[in-house]
Amino acid sequence: MFRPAGALSTVHEITALQYALEKAGTRPIVVVEQPKLANGKTSDIAVVTNLTASRALVAKAIGINDHRSAAPIYAKKTGTPIKPKIVSDAPVQEIVIDDLTKLPALKQHTFDPGPYLTAAHATTYDPDTGVDNTAIQRGWIKGPRRMSWYPYPASHNTRNLRKFWTRGEKCPVVFWIGHHPAVLMGTQAKLGYPESHWSACGGLIGEPLRIAPSKTFGDKIMVPADAEIVIEGYAPKDVLEADGPFGEYTGYSGPQVAAPVVDITCITMRKGALYHDYGSGLTDMLVPDNMAMEGKVYSIAKAVAPALTNVYVPAQGRRFHAYLQFSKPGPGEVRDALTAALAYRRLKLAIGLDDDIDMFDDSEVLFALATRVQWSRDSFSIDGLSGSLLDPSTAAGAKTLSKMAIDATLPLPPFAGVPSPVPPRSKVPDAAMDAARKVLSGADMAGWPTL
Amino acid sequence: MTIEHIPAGASWEKSGNASWGQCPKCKNWFHLGPEILKRPEVKLHCPHCAHEFHQNDAPRLIKAG
């Protein structure tokens, strides 16, 4: 954990620190105890960011010792839901404040128009069934009691909003900020509609999530009792205002959009609350969502390809690339799995790999692509699949994407018990490698060329 | 003020998807999504100077597609 000495501004400076850490190749949790607001005042609410920048730390937070095995375990845990527990003593409701601008929300990137809630979990409910939905959705703080809210058009929260508005009603919504990383990961579970995230959170933490009725909406919208901050309000019918541009997960600034606004009814927080921020477009935001994607893609592809052993969605590919690993796949099985994976909305490239490839090492993946692929034979593309239109490479007006799959696995053995018809990989004996590591163990490598 | 459209090329040629508007006050440019351009009643907000204006008042609007 890194606690920078002195004050840091919520305008660009904290995000710049995250970029600098990422460039340096290190991913500590960052706690800024003296965040300086845009008006020059120092907030007494500390900012926590980079909480989820490290795969290793996130995996540990959800009880997984090795992040490399996260996909099947995450899929299993979120697929084993535990119902939440309703409590009346919610620490998050200990203090009531009346002004959103007191929160140390960050203005992260140069094109962002103002301070944004980036780790706000928006909870709405389906007015037909009463089932709630939770998703991380941004909010631009526009004043003491007003903010914009941008539920992505394809999101379940947008469905709920539209249902309320079609009825001629304003949409109730609660934003909660800050919780144990396992709970944050539970809200990233990719569920059907309508389906509550509270039970998926319970599956990840291994016990019922404690929830309490919100101050404004009672048991219509529950809030996590142990969150840090809760903001409650209504999105008035058909009121849209400019929102953005906003630095997105793609690494580009997303365009200005027409977004709903929220009139705030109540803000509560726990004593000594921390304000949680996700560095948008940084590994801090990519890692938890990508790990949740790994669980979902694993479930989808495993259903058609039992030889699938693992899935990795690398932050280097934003949310667009997935590596699928196989052990002794049968004929057609890799392509079946890759085709299934491409159906997942956010992906646009799926690569199939053998289990001798360390898919968490990009140089190994490039090795497989370089030596195991004949492009016309082993790659295929499918146009017209659903995807993220924030992808800057899409054509204007496009509603779907062009996606690609690459089978970078070796051919199967022609008969049982014989080798595959490919040359063996070059290697040296394990004992020689151990000896080499011993030779290097005491060497001072500082200053040695790395390229 | 009319919206200027970027001419479409052949399907095999690269094309972008970002539309841009120019602020009447500070003259800086910022990018706009397709949906907000379909809603002239929603005021645009310049992220550079915080000026709010209707798209009809933008000196230039360049629309992709």
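Because only heavy atoms are used, hydrogens play no part in the values below, and waters and symmetry mates are left out as well, while side chains stay in.
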Count the heavy atoms of every other residue, nucleotide or ligand shown that sit under 6.0 Å from [atom1] of [X], and state whether that count exceeds 12.
{"X": "A:Lys142", "atom1": "NZ", "value": "yes"}
{"X": "A:Phe380", "atom1": "CZ", "value": "yes"}
{"X": "B:Lys43", "atom1": "NZ", "value": "no"}
{"X": "A:Gln374", "atom1": "CD", "value": "no"}

Could you tell me which non-hydrogen atom of [X] sits nearest to which non-hydrogen atom of [Y], and how far apart they are?
{"X": "A:Gly254", "Y": "B:His31", "result": "O-NE2, 3.2 Å"}
{"X": "B:His45", "Y": "A:Gln256", "result": "O-NE2, 2.7 Å"}
{"X": "A:Phe111", "Y": "B:Pro47", "result": "O-CB, 3.2 Å"}
{"X": "B:Asn17", "Y": "A:Asp391", "result": "ND2-O, 3.2 Å"}
{"X": "B:Val42", "Y": "A:Ala242", "result": "CG1-N, 3.8 Å"}

Q) With a 4.5 angstrom heavy-atom cut-off, which part of B:Ala64 approaches chain A: side chain, backbone, both or neither? A) both

Q: Using the test salt bridge (Lys or Arg N to Asp or Glu O under 4.0 Å), find all partners of A:Arg346 that sit at least two apart in sequence or belong to another chain.
A: A:Asp289

**Q.** Contact class of A:Asp243 relative to chain B, heavy atoms under 4.5 angstrom
**A.** neither

Q) Between B:Lys38, B:Glu41, B:His48, B:Glu35, which residue shows the highest count of heavy-atom pairs closer than 4.5 Å to chain A? A) B:His48

